[in-house]
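Data block below; observations after.
Nothing here was measured: the structure is a model prediction, and the numbers come from that model.
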Amino acid sequence: MNQPIRRLSTLVALLFVLLLGSSTWIQVLGAQDINDRPGNRRTQLESYARERGQILMGGRPIASSTPTDDDLQWQRVYSDPELYSHVTGYNSFTYGPGGGIEYAADGLLSGRDDQLFYDRLTGTIAGREPKGASLELTINPAVQKAADEALGDQRGAVVALDPRTGEILAMVSHPDYDPTPLVSHDASKEKQAWDSLNSDPARPLVNRAISGNLYPPGSVHKIVTAAAAIEDGQWDEDSTIPGPAVLDLPQTEVGLPNSHPGACGPNDEVTLAVAMQDSCNTAFGWLGMELGGDAMREQAAKFGFGEELDVPMQVTPSTLPEEMSPAQEAQVGIGQYDVRVTPLQVAMVSAAVANDGVVMKPHLVQSVLGSDLSTLSETKPEQLSTAMEPETSDQLTSMMELVVEQGTGTQAAVPGTSVAGKTGTAEHAEGEAPHAWFTGFAPADNPKIAVAVVVEDGGRAGNEAYGGSVAGPISSAVMQAALR
């Protein structure tokens with residue numbers, strides 16, 4: 001055999017090896033990745049050939065599948081679609097699963113998750129039609145409805161937690177949306193809804209409770225600053241600290257004023273408890289500079305800042321700036337400058353105070369149910385971190401009770417129940433109305449619910465907004481629904 005023929009034979013053999021290798025990769029090693037691609041029509045059709053699992057609350061489905069006469073065989077149906085839109089998300093044939101539980105737990109709902117192997121096996125032996133797992137959620141319907149109605153037509157979010165377990169009792173984000181057109185099996189209708197939702201400047205598809213651009217927390221962050229101060233050992237609730245009308249800031253000619261005229265106490269001094277009660281900016285700005293950036297970042301991290309959480313939806317981590325000048329430390333002490341948070345994180349801060357300083361990992365799924373609705377797994381309460389000593393949380397609780405009893409948060413009171421809380425009015429853009437915040441827990445002496453509320457751009461109050469007057473009543477309504 002001459003040289004050219006040998007070379008050609010070698011090349012042909014090499015090509016066959018490459019072809020065999022690529023075929024093996026596609027059919028074996030890469031098969032799962034290809035199957036999991038949202039745009040894989042074959043996989044989508046296969047998933048619609050079996051009943052998708054239900055999303056349940058108290059045994060009642062808020063998302064379920066009904067049989068159809070078309071090629072897709074099953075139609076996704078949502079009860080109270082707008083109320084739970086950011087909890088459920090949607091499962092569109094054209095655009096795949098998106099948002100909420102539909103996306104985060106798609107493997108379980110579709111029946112593809114490895115956790116369901118034995119359920120599929122026993123179902124086959126028993127002669128049951130294959131179907132996805134169902135998920136029982138932690139959401140309390142009464143609390144969810146109260147949060148939705150109290151927030152109304154205002155943009156913002158409400159999160160409620162059980163501070164003892166981390167269960168999410170309510171998760172509301174406004175504006176909400178109707179996922180029904182996205183699952184219609186009509187490609188033109190799905191596209192029209194998709195284009196409309198994605199072009200809406202109000203961003204209704206964004207779950208503001210756990211993601212999006214995040215918010216400056218304003219004065220609700222003073223809980224974190226106060227915790228850092230008490231944990232430092234130099235201060236307690238009775239400590240006297242500076243509280244002038246305007247705090248001089250180093251390296252700048254601009255001072256830090258209070259939100260109200262004048263000093264926070266006689267002789268420009270105030271106790272830490274009264275500074276919390278009246279939301280004294282200058283006192284907490286001074287504490288920020290005294291503590292320094294490292295101490296404030298360390299305390300925030302103990303509350304969960306920076307954590308990569310999933311509930312099971314992914315939560316955008318809340319952050320404090322890495323580098324701060326003394327003037328910026330003062331701003332961070334009052335929750336301004338580059339502090340950015342989710343409402344879930346703010347609820348976790350209050351929940352930690354309510355739970356003797358222990359931060360529980362938040363979760364939305366209570367249990368996973370098999371095709372026969374038997375329990376396959378349950379979510380056990382899990383400690384995320386320890387934010388502070390119990391003695392510190394006791395002092396913070398007393399201080400936060402003063403806020404609601406006689407301070408800036410009186411409109412968050414719940415008749416017949418002790419409430420601990422903190423207001424916030426957060427500046428975020430030149431010329432824009434401030435965001436209004438409230439966070440707290442109740443009953444203060446036996447906490448069963450922790451709440452965080454944010455109303456964007458002051459809501460209906462606009463530039464006249466304060467956290468206590470705008471967000472406080474929303475929190476009160478949510479707490480009352482939970483405690484009933």
Side-chain angles (χ1 to χ4, degrees), residues 216-252 254-260 262-303 305 320-321 323-339 341 346 349-350 352-353 357 387-389 391-400 402-403 407-408 421-427 437 439 467:
S219 292
V220 293
H221 191 70
K222 290 172 182 173
I223 301 171
V224 179
T225 305
I230 298 172
E231 287 286 287
D232 182 76
Q234 295 188 59
W235 300 278
D236 60 29
E237 59 185 316
D238 297 319
S239 296
T240 299
I241 57 178
V246 178
L247 180 66
D248 291 331
L249 300 179
Q251 305 169 10
T252 177
V254 179
L256 174 64
N258 287 314
S259 58
H260 54 81
C264 297
N267 302 316
D268 289 351
E269 291 184 333
V270 64
T271 64
L272 183 56
V274 173
M276 180 77 83
Q277 169 190 297
D278 297 334
S279 202
C280 179
N281 283 345
T282 55
F284 279 93
W286 179 85
L287 274 176
M289 291 191 292
E290 289 293 305
L291 289 164
D294 290 342
M296 288 192 289
R297 277 190 296 271
E298 181 180 343
Q299 182 62 62
K302 291 178 180 179
F303 279 110
F305 280 66
L320 260 66
E323 300 293 335
M324 308 178 211
S325 68
Q328 291 164 345
E329 290 171 346
Q331 291 285 345
V332 168
I334 64 168
Q336 293 286 174
Y337 183 46
D338 283 344
V339 184
V341 297
V346 174
V349 170
S350 280
V353 179
M388 70 197 95
E389 294 297 322
E391 294 78 8
T392 301
S393 67
D394 288 343
Q395 292 190 55
L396 287 173
T397 298
S398 298
M399 294 160 63
M400 292 168 68
L402 287 176
V403 171
T408 57
K422 183 69 192 78
T423 60
T425 308
E427 298 176 0
W437 281 95
T439 187

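Within the 4.5 Å cutoff, no side-chain heavy atoms of Leu249 are placed close to those of Val254. The shortest distance between side-chain heavy atoms of Phe303 and Val341 does not fall below 4.5 Å. Inter-residue side-chain proximity for Trp286 and Leu256 is flagged as unmet; no heavy-atom pair is nearer than 4.5 Å. Two residues are said to be in side-chain contact when any heavy atoms from C-beta on lie closer than 4.5 Å; Met388 and Lys302 fail this criterion. Thr439 has its side chain out of reach of Val349: every pair of non-hydrogen atoms, C-beta onward, lies at least 4.5 Å apart. Using a 4.5 Å cut-off on side-chain heavy atoms (C-beta onward), Pro257 and Val246 make contact. Between Leu247 and Pro242, the closest side-chain pair of non-hydrogen atoms is not below 4.5 Å.
Here CG of Asp236 is found 5.0 Å from CD of Gln395. Values are rounded to the nearest 0.5 Å. The distance from atom CG of Asp394 to atom CD of Glu389, rounded to the nearest 0.5 Å, is 11.0 Å.
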Identify all side-chain donor-acceptor contacts of residues 293-300 below 3.5 Å with residues at least two apart in sequence or on another chain.
from, atom 1, to, atom 2, distance (Å)
Asp294, OD1, Arg297, NH2, 2.5
Arg297, NH1, Pro321, O, 2.9
Arg297, NH1, Glu322, O, 2.7
Arg297, NH2, Glu322, O, 3.4
Gln299, NE2, Ala387, O, 2.9

Under 3.5 Å, sequence neighbours excluded: what are the donor-acceptor pairs made by side chains of residues 271-279?
from, atom 1, to, atom 2, distance (Å)
Thr271, OG1, Val274, N, 3.2
Gln277, OE1, Gln406, NE2, 3.2
Ser279, OG, Ser219, OG, 3.2
Ser279, OG, Lys222, NZ, 2.9
Ser279, OG, Lys422, NZ, 2.9

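Considering only residues two or more places apart in sequence or on other chains, Asp232 meets the side chain to side chain donor-acceptor pair (under 3.5 Å) condition with Gln234.
Summarising the local packing, CD of Glu391 is surrounded by more than 12 heavy atoms from other residues, nucleotides or ligands at distances under 6.0 Å.
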List the steps, then state whether side-chain hydrogen bond (donor to acceptor under 3.5 Å, both in side chains) holds for Thr240 with Glu269. CA-CA 6 Å; Thr240 299; Glu269 291 184 333; 5.5 Å; no
